[in-house]
There are 2 protein chains.
Amino acid sequence: MKPVKEIAHTISASGLKITPQRIAVIQALEKLEHPRAEEIIREVSEHIPGLSPTTVYNTLDVLVSKKIIRKVHTEADVMRYDAIPDHHHHLYCMQSDRMDDYFDPELDSLLEDYFRKKNIKGFKLKEIKLQLMGEFENKERTVIEKNA
Amino acid sequence: MKPVKEIAHTISASGLKITPQRIAVIQALEKLEHPRAEEIIREVSEHIPGLSPTTVYNTLDVLVSKKIIRKVHTEADVMRYDAIPDHHHHLYCMQSDRMDDYFDPELDSLLEDYFRKKNIKGFKLKEIKLQLMGEFENKERTVIEKNA
DNA sequence: TTTCAACTTGTAATCATTACAATATAGAAA
DNA sequence: TTTCTATATTGTAATGATTACAAGTTGAAA
Ligand SMILES: [Mn+2]
Ligand SMILES: [Mn+2]
Ligand SMILES: [Zn+2]
Ligand SMILES: [Zn+2]
């Protein structure tokens with residue numbers, strides 16, 4: 001896990017104040033792969049009793065706006081967050097709602113080459129994101145049922 | 001625009017009853033590229049006075065479950081719907097929230113080849129969806145501001 | 001140490017979506 | 001064509017994630 005000192009530096013480097021809440025949110029985000037806000041609130045609350053859910057939402061927003069973390073969208077209707085701000089793709093299983101990171105520089109340059117030749121009329125391409133839909137062999141995360 | 005007869009047949013072929021609401025929802029979906037539920041409600045209401053929003057939500061759900069239409073996810077937090085159930089990708093502009101369909105069989109076979117060779121450990125790939133992020137030259141759809 | 005803009009907190013909205021129960025209707029059967 | 005009923009629609013009331021707001025707290029600059 002990333003040392004607190006490094007996390008603090010990242011926060012500070014974006015002109016934000018270093019607070020226990022912000023550090024804990026980033027740590028939770030690294031620990032809980034692609035978590036929902038609610039999971040982060042639960043995890044961070046263990047470290048910071050009295051934590052307000054509002055703070056987590058605010059913190060997530062501010063970290064996204066500073067590009068320290070990212071939002072990720074899935075088939076489910078709740079937002080999820082990504083500790084990794086750099087370019088990468090995702091493996092996603094609709095049944096289990098599990099999502100894994102997928103890095104593939106070879107694929108990226110293949111796609112870059114393809115779109116360098118074939119350019120799309122009226123559209124300036126900035127970033128290509130792949131959602132690789134499928135099934136994991138051993139499912140981990142399971143869809144959280146309502147009222148379960 | 002697709003004739004009512006064809007739409008009715010599609011509905012019926014999935015074992016659903018043909019209703020004016022369902023036909024109008026599908027027509028609205030074809031007219032309003034990748035609309036949100038609220039836009040569909042507004043459009044369909046012009047043709048069917050007294051329409052209940054609940055009906056539109058129900059109808060959209062049932063059409064998705066029968067694979068007559070699709071849900072699509074954007075950077076915004078509201079769901080959007082797609083009249084085209086077949087495999088295709090999307091061009092998307094975060095600033096304007098505009099989204100266009102993108103069909104590219106050449107790209108699809110390129111990707112198929114790539115992933116036929118390079119298979120991902122512990123993951124059975126089913127479908128590849130590209131979100132092509134960028135900017136349209138002439139922006140059409142504009143982000144709908146809260147309370148605007 | 002002092003100072004104050006930036007943060008956090010709790011409570012109360014918001015708002016897209018869903019649950020539910022009553023009513024209406026498509027379309028199969030008679 | 002009329003009857004019948006499973007299916008569909010409607011209106012109203014939840015739900016639940018997220019946001020707004022105002023009051024109190026604190027990080028860190030000076
Ligand atoms: Mn912990
Ligand atoms: Mn119209
Ligand atoms: Zn990721
Ligand atoms: Zn589409």
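Just so it is clear: chains get the letters A, B, ... in the order the sequence lines come, proteins before strands, and each one is counted from 1.
- In this structure, A/M79 places its CE atom 8 Å from P of D/dT19, rounding to the nearest Å.
- Summarising the geometry of A/D97 relative to A/T74, their closest heavy-atom pair is OD1-OG1, 3.9 Å, with the distance given to 0.1 Å.
- The interatomic distance linking A/I48 (CD1) with C/dG10 (P) rounds to 13 Å, in whole Å.
- OP1 or OP2 of C/dC7 lies within a sub-4.0 Å distance of a side-chain N or O belonging to A/R22.
- Checking C/dA6, D/dA8, C/dT8 against the side-chain heavy atoms of A/K17 singles out C/dA6 as nearest.
- Atom CD1 in A/I11 sits roughly 10 Å away from atom P in C/dC7 (whole-Å rounding).
- More than 12 heavy atoms of other shown residues, nucleotides or ligands fall within 6.0 angstrom of atom NE2 in B/H87.
- Among the heavy atoms of the strands lying under 4.0 Å from A/D61 are primed sugar atoms or P, OP1, OP2 only; no base atom is included.
- Remark: A/Y57 is in phosphate contact with D/dT18, judged by side-chain N or O atoms under 4.0 Å from OP1 or OP2.
- For A/I40 and D/dT18, the CD1 to C1' distance is 14 Å, given to the nearest whole Å.
- The CG atom of A/L60 sits 15 Å away from the C1' atom of C/dC7 (whole-angstrom rounding).
- A close approach under 4.0 Å does not occur between any side-chain nitrogen or oxygen of A/T54 and OP1 or OP2 of C/dG10.
- Residue order along DNA chain C, read from the 5' end via each residue's closest nucleotide, puts A/P49 first among A/P49 and B/P20.
- B/H47 has its NE2 atom 19 Å from the C1' atom of D/dT9, to the nearest Å.
- Each of A/K71 and B/N58 has a nearest nucleotide on DNA chain D; the 5'-most of these lies closest to B/N58.
- OP1 or OP2 of D/dT9 lies within a sub-4.0 Å distance of a side-chain N or O belonging to B/T19.
- For B/L16, the side-chain atoms get nearest to D/dA8 when compared with the rest of C/dC7, D/dA8, D/dT9.
- In this structure, the CZ atom of B/R80 is 15 Å from the C1' atom of C/dA16, given to the nearest Å.
- Results of the side chain to side chain contact (heavy atoms under 4.5 Å, CB included) test with A/E33 over A/I84, A/D101, A/D82, A/D100 single out A/D100 as the only residue that passes.
- For the pair B/Q21 CD and C/dA24 P, the computed distance is 14 Å after rounding to whole Å.
- Among the protein residues, A/T55 comes within range of the nucleic acid bases, having at least one heavy atom under 4.0 Å from a base atom.
- No side-chain heavy atom of A/V62 sits under 4.5 Å from any side-chain heavy atom of A/Y57.
- Ring centroids of B/H90 and B/Y102 are separated by 6.0 Å or more, keeping the two rings apart.
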